[in-house]
Trainee: 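Please read through the structure below; I'll follow up with questions.
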Amino acid sequence: MSLIIPRFICLQGDELLVKVNKLTSIKTQLPYTYYSLPFCKPNTIVDSAENLGEVLRGDRIENSPYVFQMREPKMCQIICKITVTEKEAKELKEKIEDEYRVNMVLDNLPLVVPVQRPDRNTVAYQGGYHVGVKGQYAGSKDEKHFIHNHLSFSVKFHKDDDSELSRIVGFEVKPFSIKHQFDGNWNDANTRLTTCDPHNSKFVVNSETPQEVEVGKDIIFTYDVRFEESEIKWASRWDTYLLMSDDQIHWFSIVNSLMIVLFLSGMVAMIMMRTLYRDISRYNQLETQEEAQEETGWKLVHGDVFRPPVNSDLLCVFVGTGVQFFGMLLVTMIFAVLGFLSPSNRGGLMTAMLLVWVLMGLIAGYSSSRLYKMFKGAEWKQITLRTAFLFPGIAFVIFFILNALIWGEKSSGAVPFTTMFALVLLWFGISVPLVFVGSYLGFKKPAMEPPVKTNKIPRQIPEQAWYMNPLFTILIGGILPFGAVFIELFFILTSIWLHQFYYIFGFLFLVFVILIITCAEITIVLCYFQLCSEDYNWWWRSYLTSGSSALYLFLYAGFYFWTKLQISKLVSGILYFGYMLLASFSFFVLTGTIGFCACFWFTRMIYSSVKID
């Protein structure tokens with residue numbers, strides 16, 4: 001009976017296949033396939049199967065000529081020799097200029113370069129190694145391009161105490177640039193290098209004689225591999241990659257957000273417990289109209305407060321889409337907090353978000369149709385179509401234009417036609433039908449009745465104080481929700497645009513809860529002040545009040561672009577602002593819906609608590 005050993009458990013001498021992934025750069029944000037540069041190739045290039053999220057991220061995982069044997073070190077292994085053509089030299093220099101990094105994978109672990117931190121006695125890890133570096137020869141002012149053609153790999157393994165089985169727990173590299181020399185004629189199989197020869201104890205330990213990228217010159221690619229036993233267990237092998245050195249900053253973010261929440265909660269508590277309680281009890285004692293008007297004015301607009309707003313159809317669509325976003329984020333974040341969407345599952349987070357978004361079409365249709373019916377709407381199919389197509393349509397148009405730009409740059413980040421077809425199929429085949437089902441169910445239910453009757457003739461709104469100007473209150477309302485999340489937003493942007501791991505979903509979930517509370521409370525406070533000023537047009541203003549935080553998010557994205565990123569290419573800049581515009585629009589829909597729902601609940605509660613003559 002033969003023993004079947006899982007791929008992550010290896011015996012000594014077992015073959016380990018290193019796979020190559022995309023080339024990435026934080027200066028261009030345009031990924032390219034590994035073999036778009038003149039690196040050594042295996043006899044047959046085989047693409048690995050990738051999920052939807054990986055394809056959308058631009059991952060292109062392929063096999064490589066790097067093959068190790070478990071726990072068997074190798075020194076000065078020659079892979080191949082290439083002669084650089086003019087086109088290849090130009091491409092290599094461009095990639096070195098743009099600081100592209102080579103990404104590799106071994107046993108699902110990404111390749112990292114250990115870097116000693118000068119300010120503290122710890123080691124940081126950078127994903128992938130640079131294609132090459134720019135530098136000058138001693139005594140020369142001319143800047144040259146040097147390629148990293150020798151890789152010194154270090155594979156860490158954890159050995160089982162009771163057997164010879166081992167598991168890979170780390171994959172590191174130190175890249176070097178060296179102009180290899182050899183005696184005699186070149187022979188792929190038997191050539192011995194004079195610059196790297198284990199028989200003569202000659203190893204590559206520095207880049208003092210680097211390999212310059214020149215047209216017509218040969219480049220010899222070599223590698224070493226060492227195996228190092230580690231105390232790290234297989235279950236904890238990702239901890240090194242996800243080591244958070246900025247925990248205190250995240251806690252500061254949480255404390256900062258909680259202070260905002262406590263401030264708003266105090267204001268809401270004051271309104272609810274003191275002002276409203278006093279208002280409602282006095283109204284219910286049947287005071288005269290003059291006495292009530294002297295105290296406060298929110299009861300005076302009871303006959304208009306539930307009057308359907310202008311463009312009520314569009315409001316229903318936005319609310320339905322916002323509920324869909326809220327459901328997607330809540331479900332995805334719960335799964336992430338529970339550990340189901342770890343970085344070891346590349347593309348898993350994006351795939352999960354897309355699939356949950358599609359399934360949440362059911363509650364999007366239900367929410368929009370329920371609100372639409374309350375506004376006495378009759379064309380439920382029309383509102384359903386708009387819910388199913390408005391936001392996804394805008395997102396798809398932006399995504400398609402950006403994808404065309406990426407395709408024009410011949411980048412691997414361009415989504416293939418088959419994947420694009422799969423996205424459209426998810427949209428039309430699953431999301432749209434679910435929106436229709438949700439709308440049908442919502443429209444079948446009895447309409448939500450307002451707690452007070454609406455007058456036939458609209459009441460005239462008195463002239464408002466300057467500080468109750470709609471534009472002013474809307475812009476003020478967005479500051480606090482943004483302030484509650486902007487520190488965590490910095491880490492999210494860093495993980496996306498600087499290609500770092502983000503796995504602190506516990507912090508993110510706390511910030512998400514704080515965002516919900518902040519949006520709800522600031523909208524309730526400003527809505528109360530608005531009603532007290534006898535202005536009953538609260539529907540759209542409640543949505544825009546918390547939704548305006550998206551404007552600050554987009555402005556912060558611009559600040560981040562100019563202060564943290566090194567993007568210089570026009571296409572890369574368009575990609576950044578295109579995707580951040582889409583993210584800001586999504587944030588607007590989410591936060592606006594949270595604020596609207598809170599205000600909707602608040603107005604129904606206070607007007608159902610008083611006796612209306």
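Note that the numbering runs from 1 along the sequence shown for the chain.
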Trainee: Any non-hydrogen side-chain atom of Pro416 less than 4.5 Å from a side-chain atom of Val55?
Mentor: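 Counting from C-beta outward, Pro416 and Val55 do come under 4.5 Å.
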Trainee: Taking the side chain as C-beta and beyond, is there a heavy-atom pair between His150 and Cys196 under 4.5 Å?
Mentor: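 SC-SC contact between His150 and Cys196 confirmed.
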Trainee: Tell me if a side-chain donor or acceptor on Glu54 pairs with a main-chain N or O of Asn51 at a distance below 3.5 Å.
Mentor: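 Confirmed, Glu54 side chain pairs with Asn51 backbone.
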Trainee: Tell me whether Ser411 contacts the main-chain N or O of Pro31 through its side chain, where contact means a donor paired with an acceptor under 3.5 Å.
Mentor: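 At least one qualifying donor-acceptor pair exists.
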Trainee: Aromatic ring centroids of Tyr66 and Phe153 under 6.0 Å?
Mentor: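 Ring centroids of Tyr66 and Phe153 are less than 6.0 Å from each other.
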Trainee: Can any side-chain N or O of Ser64 pair as donor or acceptor with the backbone N or O of Val18 at less than 3.5 Å?
Mentor: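 Checked: pair present.
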Trainee: If you take all heavy atoms of Val571 and Glu409, which pair is closest and at what distance?
Mentor: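 Closest approach of Val571 to Glu409: CG2-OE2, 3.5 Å.
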Trainee: May I ask you to check whether over 12 heavy atoms, not counting those of Lys27, lie within 6.0 Å of atom NZ?
Mentor: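 Yes, because the 6.0 Å sphere around NZ of Lys27 holds more than 12 heavy atoms from other groups.
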Trainee: Do Gln211 and Lys217 have a side chain donor and acceptor closer than 3.5 Å?
Mentor: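 No, no side-chain donor-acceptor contact under 3.5 Å.
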Trainee: What is the minimum heavy-atom distance between Asn63 and Val46, and which atoms define it?
Mentor: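 Looks like OD1-N, 2.6 Å.
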Trainee: How close do Gly170 and Leu109 get, heavy atom to heavy atom, and via which atoms?
Mentor: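 In this case the closest contact between Gly170 and Leu109 is N-CD1, 3.5 Å.
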Trainee: Ring centres of Phe146 and Tyr137 under 6.0 Å apart?
Mentor: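 Yes, ring centres under 6.0 Å apart.
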Trainee: Could you walk me through whether Glu229 and Lys159 satisfy the salt bridge (charged side-chain N to carboxylate O under 4.0 Å, His left out) test, starting with their C-alpha distance in whole Å, then the side-chain angles of each, then the deciding distance to 0.1 Å, before giving a yes or no?
Mentor: CA-CA 7 Å; Glu229 190 166 357; Lys159 190 171 177 294; over 6 Å; no
Trainee: Taking atom CZ of Arg192 and atom CZ of Phe182, what is their separation to the nearest 0.5 Å?
Mentor: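 Output value for this atom pair is 14.5 Å.
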Trainee: Do the side chains of His180 and Lys81 get nearer than 4.5 Å, heavy atoms only?
Mentor: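 A side-chain contact under 4.5 Å is absent here.
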Trainee: So among Leu355, Leu426, Val415, which one has a side-chain contact (heavy atoms from CB on, under 4.5 Å) with Leu52?
Mentor: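 Testing Leu52 for a side-chain contact (heavy atoms from CB on, under 4.5 Å) against Leu355, Leu426, Val415 leaves exactly one candidate, Leu426.
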Trainee: Quick one: does Glu228's side chain get under 4.5 Å of Val155's, heavy atoms only?
Mentor: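 Heavy-atom side-chain distance check fails, nothing below 4.5 Å.
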Trainee: Evaluate the side-chain contact (heavy atoms from CB on, under 4.5 Å) criterion for residues Met353 and Met328: first the C-alpha distance (whole Å), next the side-chain angles of each, then the deciding distance (0.1 Å), finally the verdict.
Mentor: CA-CA 6 Å; Met353 289 179 74; Met328 177 200 72; 3.8 Å; yes
Trainee: Go through the steps for Glu212 and Lys179 under the test salt bridge (charged side-chain N to carboxylate O under 4.0 Å, His left out), then give the verdict.
Mentor: CA-CA 8 Å; Glu212 186 183 342; Lys179 190 171 184 179; over 6 Å; no
Trainee: Applying side-chain contact (heavy atoms from CB on, under 4.5 Å) to Met70 and Phe227, what does each step give before you reach the verdict?
Mentor: CA-CA 8 Å; Met70 185 65 175; Phe227 288 86; 4.1 Å; yes
Trainee: So Leu16 and Asp107, do their side chains get closer than 4.5 Å, heavy atoms only?
Mentor: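 No, every pair of side-chain atoms sits at 4.5 Å or beyond.
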Trainee: When you compare the side chains of Asn103 and Thr24, does any donor N or O come within less than 3.5 Å of an acceptor on the partner?
Mentor: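 Present: a donor and an acceptor within the cut-off.
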Trainee: Okay, side chain of Glu72, backbone of Gln69: is any donor-acceptor separation there less than 3.5 Å?
Mentor: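 No.
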Trainee: Search all heavy atoms of Ala557 against all heavy atoms of Tyr576 and return the closest pair with its distance.
Mentor: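 Here Ala557 and Tyr576 meet closest at O-OH, 2.7 Å.
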Trainee: Does atom CD of Glu208 have more than 12 heavy-atom neighbours from other groups under 6.0 Å away?
Mentor: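 Result for CD/Glu208: open.
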Trainee: Could you walk me through whether Thr419 and Phe421 pass the side-chain contact (heavy atoms from CB on, under 4.5 Å) check?
Mentor: CA-CA 5 Å; Thr419 307; Phe421 179 75; over 6 Å; no
Trainee: We want to know whether Lys19 and Ser48 form a side-chain donor-acceptor pair, criterion being a heavy-atom distance below 3.5 angstrom.
Mentor: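 Yes, because at least one side-chain N or O of Lys19 sits under 3.5 Å from a partner of the opposite role on Ser48.
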Trainee: Distance check, rounded to the nearest 0.5 Å: Leu489 atom CG versus Leu515 atom CG?
Mentor: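 Separation between the atoms: 11.0 Å.
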Trainee: Could you check if a side-chain atom of Leu30 sits within less than 4.5 angstrom of a side-chain atom of Tyr32, using non-hydrogen atoms only?
Mentor: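 Heavy-atom side-chain distance check passes, below 4.5 Å.
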Trainee: Are the side chain of Asn21 and the backbone of Arg60 linked by a donor-acceptor contact shorter than 3.5 Å?
Mentor: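 Between the backbone of Arg60 and the side chain of Asn21 there is a qualifying donor-acceptor contact (under 3.5 Å).
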Trainee: To the closest 0.5 Å, what do you measure between CD1 (Ile26) and CD1 (Ile567)?
Mentor: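 Nearest 0.5 Å value for the CD1-CD1 distance: 9.0 Å.
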Trainee: With a 4.5 Å limit on heavy-atom distance, are the side chains of His158 and Trp234 in contact?
Mentor: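 When only atoms from C-beta onward are counted, Trp234 and His158 do not touch, as no gap falls below 4.5 Å.
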Trainee: Are more than 12 heavy atoms, taken from residues, nucleotides or ligands other than Phe396, located less than 6.0 Å from that residue's CZ atom?
Mentor: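 More than 12 heavy atoms, drawn from other residues, nucleotides or ligands, come within 6.0 Å of this atom.
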Trainee: Rounded at 0.5 Å granularity, tell me how far OH in Tyr223 sits from OG in Ser152.
Mentor: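 Output value for this atom pair is 12.0 Å.
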Trainee: Below 30° counts as parallel, above 60° as perpendicular, anything between as tilted: where do the rings of Phe171 and Phe68 land?
Mentor: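 Correct class here is perpendicular.
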Trainee: Over all heavy atoms of both residues, which pair between Arg71 and Ser166 is shortest? Give the atoms and the distance, please.
Mentor: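 Reported closest heavy-atom pair: NH1-OG, 3.1 Å.
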Trainee: The test is salt bridge (charged side-chain N to carboxylate O under 4.0 Å, His left out); show your working for Glu97 and Lys134 and say whether it passes.
Mentor: CA-CA 7 Å; Glu97 195 79 34; Lys134 291 189 298 181; 2.8 Å; yes
Trainee: For Trp497 and Phe561, I'd like to know if the aromatic rings sit close, meaning centre-to-centre distance below 6.0 Å.
Mentor: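 No, the ring centres sit 6.0 Å or more apart.
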Trainee: Got Leu329 and Val356 here, is their nearest side-chain heavy-atom distance under 4.5 Å?
Mentor: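 Not in contact.
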Trainee: Does a side chain donor of either Ser230 or Arg237 reach within less than 3.5 Å of an acceptor in the other side chain?
Mentor: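 Result is no, nothing qualifies.
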Trainee: Side chains of Thr28 and Asp98 only: does a donor on one sit below 3.5 Å from an acceptor on the other?
Mentor: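 Asp98 and Thr28 do not have a side-chain donor-acceptor pair below 3.5 Å.
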Trainee: Between the main-chain N or O of His148 and the side-chain N or O of Ser177, is there a donor-acceptor pair closer than 3.5 Å?
Mentor: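 Not a single qualifying donor-acceptor pair exists.
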Trainee: Of the non-hydrogen atoms in Gly327 and Met360, which two are nearest, and what is the gap between them?
Mentor: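 Here Gly327 and Met360 meet closest at O-CE, 3.8 Å.
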Trainee: Please walk me through it: do Trp427 and Val358 pass side-chain contact (heavy atoms from CB on, under 4.5 Å)?
Mentor: CA-CA 7 Å; Trp427 180 14; Val358 168; over 6 Å; no
Trainee: Determine yes or no for a side-chain-to-main-chain donor-acceptor pair under 3.5 angstrom, with Lys22 supplying the side chain and Arg57 the backbone.
Mentor: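 Between the backbone of Arg57 and the side chain of Lys22 there is a qualifying donor-acceptor contact (under 3.5 Å).
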Trainee: Short question: side chain of Asn149, backbone of Ile178 - any donor-acceptor pair under 3.5 Å?
Mentor: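 Yes, because the side chain of Asn149 sits within donor-acceptor range (under 3.5 Å) of the backbone of Ile178.
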Trainee: Donor-acceptor pair, Thr222 side chain versus Gln77 backbone, under 3.5 Å?
Mentor: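 Here the side-chain-to-backbone pair does not exist.
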Trainee: Between Ser586 (side chain) and Leu582 (backbone), is there a donor-acceptor pair under 3.5 Å?
Mentor: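 Side chain of Ser586 to backbone of Leu582, a donor-acceptor pair under 3.5 Å: yes, one is there.
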Trainee: Look at atom CD of Gln136 and say whether more than 12 heavy atoms of other residues, nucleotides or ligands are closer to it than 6.0 Å.
Mentor: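 It does: Gln136 CD has more than 12 such atoms within range.
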